[in-house]
Amino acid sequence: MRQFATKAVLLVLCACLAPPLHARSFFKGNFERPADIPASDGEAARFLTQATFGPTQADIDKVRTIGVSAWIDQQMLLPATRVLPYMLGLENVRRNHNRRMDRHLHSFMVAPDQLRQRMAFALSQIFVISSQHPGLINDNGAQQSGAYWDMLADAAFDSYAPLLQNVTYHVTMGKYLSHFRNRKAGPGHEPDENYAREIMQLFSVGLKELNIDGSPVLDTAGRPIPTYSQDAITDLAKVFTGFTFGNAGADINSGSFTYFGPMKCLEAEHDKTAKTVIGNSVLPAGRTCPEEVRRVVNLLSAHANTAPFIARRLIQRFTTSNPSRAYVRRVAEKFRDNGDGEYGDLGAVVRQILIDPEARQFPPPATFGKVREPLLQVTAILRAWPFQVPGVDANGSLPMAHNSVPVTQVPLSAPSVFNFYEPDHQPPGTLQAAGLYAPELQPIDEATIYDIANGMAHYGFSNYFGSGDTGAVRPYIRLDTLGALPDAQLIEDVNRRMLYGTMSPGMRAILAEMLPRLASGRERARSAILLTALSPEFAVQR
Amino acid sequence: MNQNDHARRRFLRNLGITLGAGGASALLPQLQLIRAAAAEDYAVEGYRALVCVYLSGGNDSWNMLMPYDAARHATYAAARGGVHSPSNSAGLAIDRGRMGAPVRIGDAATGAEYALNPGSEEYPEGMGRLAALYRANKLAFVANVGPLVRPMSKAQFVNGDVPKPPNLYAHDSQERLWHLATANDASYGWGGLVADRVGIENGYAALSPSIALDRNLFGTGNDTRPYGLNARGLGALSGVSPVASTSSDGARARALDRLLAEQQTTSPLGQQFAHTFQRARQLYTVLDAALASSTVATEFPDDRLGSKLKMIARTIRASRNPSGTLRHKRQVYFLRFGSFDMHDGLMLPGPDGHAAHMHQLSVALDAFWRSLGEFGAQNEVTLFTMSEFARTMNSNGDGSDHAWGGVQLVMGGAVNGGRLYGSFPAQQLNGPVSLSRGQFIPSVSVDQMAATLARWMGVTSAAELNTIFPNLANFPTANLGFMNA
């Protein structure tokens with residue numbers, strides 16, 4: 001403890017000498033301590049579980065020095081750790097989705113821009129593209145997917161409407177939802193309706209009209225009101241015609257996948273007729289493709305549903321599966337006005353999600369929290385413990401995941417545009433009876449739970465420093481410091497690093513009973529980590 | 001059936017799970033007697049299983065089953081933008097000249113000629129194997145089936161006199177309606193509701209009568225929760241043995257099982273997670289052993305669909321073995337195949353095109369059929385497809401978009417095969433039962449198709465069928481006739 005206190009003082013001094021980037025929160029009230037410093041390491045670690053890929057002691061110290069708001073401020077200024085430049089540095093044949101996963105996992109483990117990457121992960125689960133699509137599965141698709149990720153990371157704290165526009169123009173989205181080379185109507189064919197449907201159903205407004213708190217608007221008979229009709233989809237499909245590679249010529253079938261800029265829209269292939277889209281808004285005949293796309297993006301962005309729709313989805317990715325109406329409302333209000341009169345500020349939205357009283361209440365009510373996503377379980381282990389981080393290998397790869405990726409959730413590889421799980425999933429039985437949602441439980445069954453457990457065991461149990469082959473081909477956990485501790489302290493250290501001090505007395509007793517049955521220090525250490533990783537208490541981020 | 005009966009069954013089922021999980025085999029004979037008394041409402045003699053192959057993303061079934069006679073083929077081809085060719089890349093129709101004898105079939109009900117997908121240059125066999133099964137009367141099609149609230153004419157669709165299913169053409173909503181077989185807002189799938197009733201005499205009750213190779217709502221009932229089974233079989237947990245012992249793995253196993261059983265977490269989400277993990281642990285040993293001694297010799301295609309169907313065949317073999325540990329009498333299986341959401345590339349000749357998917361389906365289903373023959377279960381297993389919707393007849397330039405009614409297949413020794421059920425529609429755009437892009441108003445409802453299968457599984461009383469399928473009474477018949485009694 002004394003060592004920790006000294007470190008904290010040094011950090012405070014450093015922060016004072018540094019340029020006052022965060023003067024507003026840090027120096028508020030004449031050098032008073034910021035009001036939002038978590039009261040304990042545990043509370044700081046809980047915040048970091050919500051905001052990063054897992055708490056580290058360094059981040060805990062920092063949050064306890066500068067406070068939550070200033071930490072968010074600093075994070076938002078950090079540039080994105082990019083995927084595409086890394087992939088372009090590899091030989092052509094290695095620019096595939098496995099190597100993309102290496103890069104993601106490495107970034108999530110060590111990159112400083114944790115909140116930005118976490119927001120990119122959240123956005124990637126709203127604006128879904130997937131490497132499982134035939135058009136994206138190849139190596140060019142992997143590079144383009146890396147570029148898509150970087151676009152999300154760059155835009156993580158920017159404005160919603162430009163992001164929706166960039167998503168629309170991105171070639172991976174064009175391929176995935178097939179507005180790429182979508183042509184205006186001709187003899188025997190009509191425009192492809194795919195993107196028109198999903199940009200409304202999944203990326204902006206959803207199926208039912210919503211109040212600002214996310215509850216459905218009901219008609220006089222108590223029924224939900226559809227947001228748009230099939231006719232509105234058919235007409236909107238005409239807007240998304242004419243798109244092709246950014247380096248294409250006049251022929252829509254020309255161009256190539258090696259170009260990393262946005263798609264271009266060929267006016268000759270673009271439907272120029274008048275269109276009646278969502279909310280009976282009329283797009284007059286004769287407008288250009290970019291004019292129409294901008295108009296539609298602005299219509300969708302400004303729709304009354306978009307703020308609560310996006311707010312609830314982002315809350316579910318960061319803090320809880322079951323936000324109260326009031327929590328959704330507060331976040332949605334930030335979407336509509338960031339405090340400076342600006343609309344759609346995603347940075348203000350994520351800040352509100354994290355600093356909201358409902359997110360910061362400690363201890364939280366039993367129903368608060370979310371099942372940890374499989375990827376976040378793995379990254380929490382990678383960040384909780386010392387690892388031998390692999391350097392780049394002879395081929396320039398970062399061998400984090402290797403070829404048989406032992407992680408059951410790879411970014412940008414959901415089974416469908418409906419993501420890895422759906423926001424309204426309610427497991428039948430107790431949870432449904434209680435009206436609780438649990439998106440992350442949707443893919444969890446008796447089979448996948450073993451896969452998820454074995455993914456965690458790969459990093460936190462099987463591959464440890466001293467286990468034999470410790471060449472730099474994967475991350476190796478270092479167990480010796482933990483393994484040298486007596487039982488009670490070992491359990492306390494696992495509790496502090498993985499459960500931010502919330503381990504129940506019953507769970508401590510179970511681990512205490514297990515440890516004396518195990519031989520060596522490392523065996524005790526890796527067993528305690530594995531059992532904690534498999535525990536129902538770790539399964540849920542509270 | 002009254003409320004008391006319902007409560008009694010649930011009690012018995014829960015008792016069965018408790019005893020089965022606890023391995024209280026000494027009590028099982030008595031339990032079997034009690035169960036037999038409770039199950040008298042249902043016909044549960046012998047073994048029967050339903051296998052749902054879900055064609056994910058919306059199968060373009062108008063290119064799975066095509067009219068072959070010249071006049072109707074011409075209508076089909078016109079609606080699909082003409083025959084697909086290098087000079088007509090937007091056309092989605094398959095050339096009549098490519099529909100050779102191996103894929104041609106006749107409808108015993110009407111005498112009309114049809115063809116199944118003939119494949120592509122890369123898959124020249126097409127759906128030949130399923131055509132052969134059809135000609136052997138082991139396979140039937142249900143034509144123009146889809147979600148409906150009640151029968152609906154084109155005029156009623158246009159003037160809004162009859163309620164439409166909610167959110168037509170949206171993947172998730174329409175898939176949900178297929179799983180529920182009702183347009184009402186409900187939480188339970190029809191496969192699970194059937195299993196609730198007819199699974200009651202299953203021997204090893206800790207194993208759910210509903211077995212899921214992929215997650216689904218279809219197999220979730222009031223009391224039934226799908227058991228998730230990996231196509232690769234039951235893999236072990238790293239570092240944790242199946243049961244507690246004196247080894248290091250055993251010490252970890254004891255700790256894990258205590259963590260799962262003693263419910264230290266106050267979070268309801270964590271408790272749910274623990275229940276699933278605990279069930280996986282409890283079933284592992286019994287199921288792993290049962291599957292290890294239950295193999296099939298039939299060669300399945302080495303792909304995900306083939307692996308899943310092979311695992312189902314092995315599980316069926318283990319489950320119906322009268323001297324085995326499982327001794328199940330009724331089961332429902334679910335697996336997912338595809339991405340059929342072919343807004344583009346529908347006519348590609350290679351592995352991503354529709355022809356390849358149809359060929360893959362044909363080969364895998366045929367292998368499944370033959371594997372059942374190894375152990376005499378062909379008459380006891382009925383496989384059928386579901387898919388959220390068929391697709392627009394007309395082209396979007398390179399593929400087809402979301403539509404409504406389509407064609408599904410039913411395969412098995414108990415199927416009255418060799419004919420079509422429902423009504424194959426006139427295929428013009430904006431025709432008597434179609435909308436402007438060739439979206440078809442279904443001729444029969446999902447409820448009717450599902451109820452026909454539920455009856456075969458042993459839910460024979462009209463009252464019970466109407467409980468499972470609340471809209472069934474809106475339709476002229478609850479039995480489409482494609483199953484032998």
Side-chain angles (χ1 to χ4, degrees), chain A residues 134 178 181-183 186 188-194 197 201 207 230 321 366-367 369-371 418 422 427-428 430-432 434 436 438 441-450 453-454 457-458 461-462 504 506-507 510-511 513-514 517-519 523 527 530-531 534-537 539-540 542, chain B residues 56-57 81-82 90-91 167-173 187-188 212 215 220 225-230 235 237-240 248 251-252 254-256 258-260 262-274 276-277 279-280 283 339 343-345 352 394-399 401-402 437:
Chain A
S178 60
R181 289 181 179 157
N182 185 22
R183 302 164 70 181
H189 65 90
E190 299 290 328
D192 186 319
E193 295 177 354
N194 201 10
R197 178 184 309 279
Q201 185 179 341
L207 291 171
Q230 174 59 30
S321 302
T367 54
K370 63 193 277 283
V371 174
F418 292 88
E422 293 168 56
T430 323
L431 294 182
Q432 190 168 58
L436 292 172
L441 283 177
Q442 194 175 13
I444 288 185
D445 63 21
E446 293 85 350
T448 56
I449 214 163
Y450 271 38
N454 288 342
H458 176 87
F461 181 80
S462 304
S504 67
M507 182 170 164
I510 291 169
L511 294 183
E513 187 213 40
M514 173 185 73
R517 296 163 182 264
L518 302 164
E523 193 65 13
S527 300
L530 178 64
L531 266 293
L534 301 182
S535 71
E537 291 179 40
V540 178
R542 298 289 308 284
Chain B
S56 193
N167 304 312
L168 281 173
Y169 317 123
H171 285 290
D172 54 341
S173 317
S187 316
Y188 303 111
R215 72 190 196 205
T220 301
R225 300 285 171 272
Y227 170 79
L229 178 64
N230 196 317
L237 267 187
S238 295
V240 183
S248 293
R252 287 186 284 267
R254 175 175 158 78
L256 176 59
R258 286 191 62 193
L259 281 175
L260 300 179
E262 294 175 20
Q263 291 295 347
Q264 309 296 341
T265 177
T266 56
S267 160
L269 304 185
Q271 288 163 2
Q272 178 88 11
F273 171 90
T276 305
F277 206 162
R279 212 162 44 237
L283 285 165
S339 176
H343 291 277
D344 52 10
D352 298 331
N394 85 344
S395 171
N396 66 26
D398 190 17
D401 291 337
H402 306 180
R437 295 198 58 196

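Lettering of chains follows the sequences in order, A, B, ..., and the numbering in each one begins at 1. Worth knowing before you read on, the calculation uses all heavy atoms, side chains too, and leaves out hydrogens, waters and symmetry mates.
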Ignoring hydrogens and geometry beyond distance, is a side-chain donor-acceptor pair present between A/Gln201 and B/Asp172 at under 3.5 Å?
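The criterion, which ignores hydrogens and geometry beyond distance, is satisfied for B/Asp172 and A/Gln201.
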
Quick one, [X] and [Y] - any side-chain contact, counting heavy atoms below 4.5 Å?
X: B/Asn396; Y: A/Pro191; value: no
X: B/Val240; Y: A/Leu534; value: yes
X: A/Glu523; Y: B/Ser248; value: yes
X: B/Tyr188; Y: A/Gln432; value: yes
X: A/Ser321; Y: B/Leu269; value: yes

Taking atom [atom1] of [X] and atom [atom2] of [Y], what is their separation to the nearest 0.5 Å?
X: A/Glu537; Y: B/Leu259; atom1: CD; atom2: CG; result: 7.5 Å
X: A/Arg197; Y: B/Tyr169; atom1: CZ; atom2: OH; result: 8.5 Å
X: A/Asn182; Y: B/His343; atom1: CG; atom2: NE2; result: 10.5 Å
X: B/Arg258; Y: A/Met507; atom1: CZ; atom2: CE; result: 12.0 Å
X: A/Leu431; Y: B/Gln272; atom1: CG; atom2: CD; result: 4.5 Å

Taking [X] for its side chain and [Y] for its backbone only, find out whether a donor-acceptor pair lies under 3.5 Å.
X: A/Asn454; Y: B/Ser238; result: yes
X: B/Asp401; Y: A/Glu193; result: yes
X: A/Glu446; Y: B/Gly228; result: yes

Looking only at heavy atoms, which two atoms of [X] and [Y] are closest? And how far apart?
X: A/Met514; Y: B/Ala251; value: CG-O, 4.0 Å
X: B/Gly235; Y: A/Tyr450; value: O-CD2, 3.1 Å
X: A/Ser504; Y: B/Gln264; value: OG-CB, 3.2 Å

What part of [X] gets within 4.5 angstrom of chain A, counting heavy atoms only: side chain, backbone, both, or neither?
X: B/Thr220; value: side chain
X: B/Leu168; value: backbone
X: B/Ser173; value: side chain
X: B/Glu262; value: side chain
X: B/Leu229; value: backbone
X: B/Arg252; value: both

Using non-hydrogen atoms and a 4.5 Å limit, figure out which bit of [X] sits close to chain B: side chain, backbone, both or neither.
X: A/Phe418; result: side chain
X: A/Glu190; result: both
X: A/Ile510; result: both
X: A/Gln442; result: both
X: A/Leu441; result: side chain

Picking from [options], which has the most non-hydrogen pairs under 4.5 angstrom with chain B?
options: A/Gln230, A/Arg181, A/Arg183; result: A/Gln230
options: A/Ser462, A/Gly506, A/Ser535; result: A/Gly506
options: A/Val540, A/Leu531, A/Leu436; result: A/Leu531
options: A/Ile444, A/Asp445, A/Thr430; result: A/Asp445

Dump the intermediate steps for side-chain contact (heavy atoms from CB on, under 4.5 Å) on B/Arg254 and A/Glu513, then the final yes or no.
CA-CA 10 Å; B/Arg254 175 175 158 78; A/Glu513 187 213 40; 2.5 Å; yes

Pick whichever of B/Gly81, B/Ala90, B/Ser395 has the most heavy-atom pairs under 4.5 Å with chain A.
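Of the candidates given, the most pairs with chain A belong to B/Ser395.
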
Pair A/Ile449-B/Phe273, side-chain contact (heavy atoms from CB on, under 4.5 Å): steps then yes or no
CA-CA 9 Å; A/Ile449 214 163; B/Phe273 171 90; 3.8 Å; yes

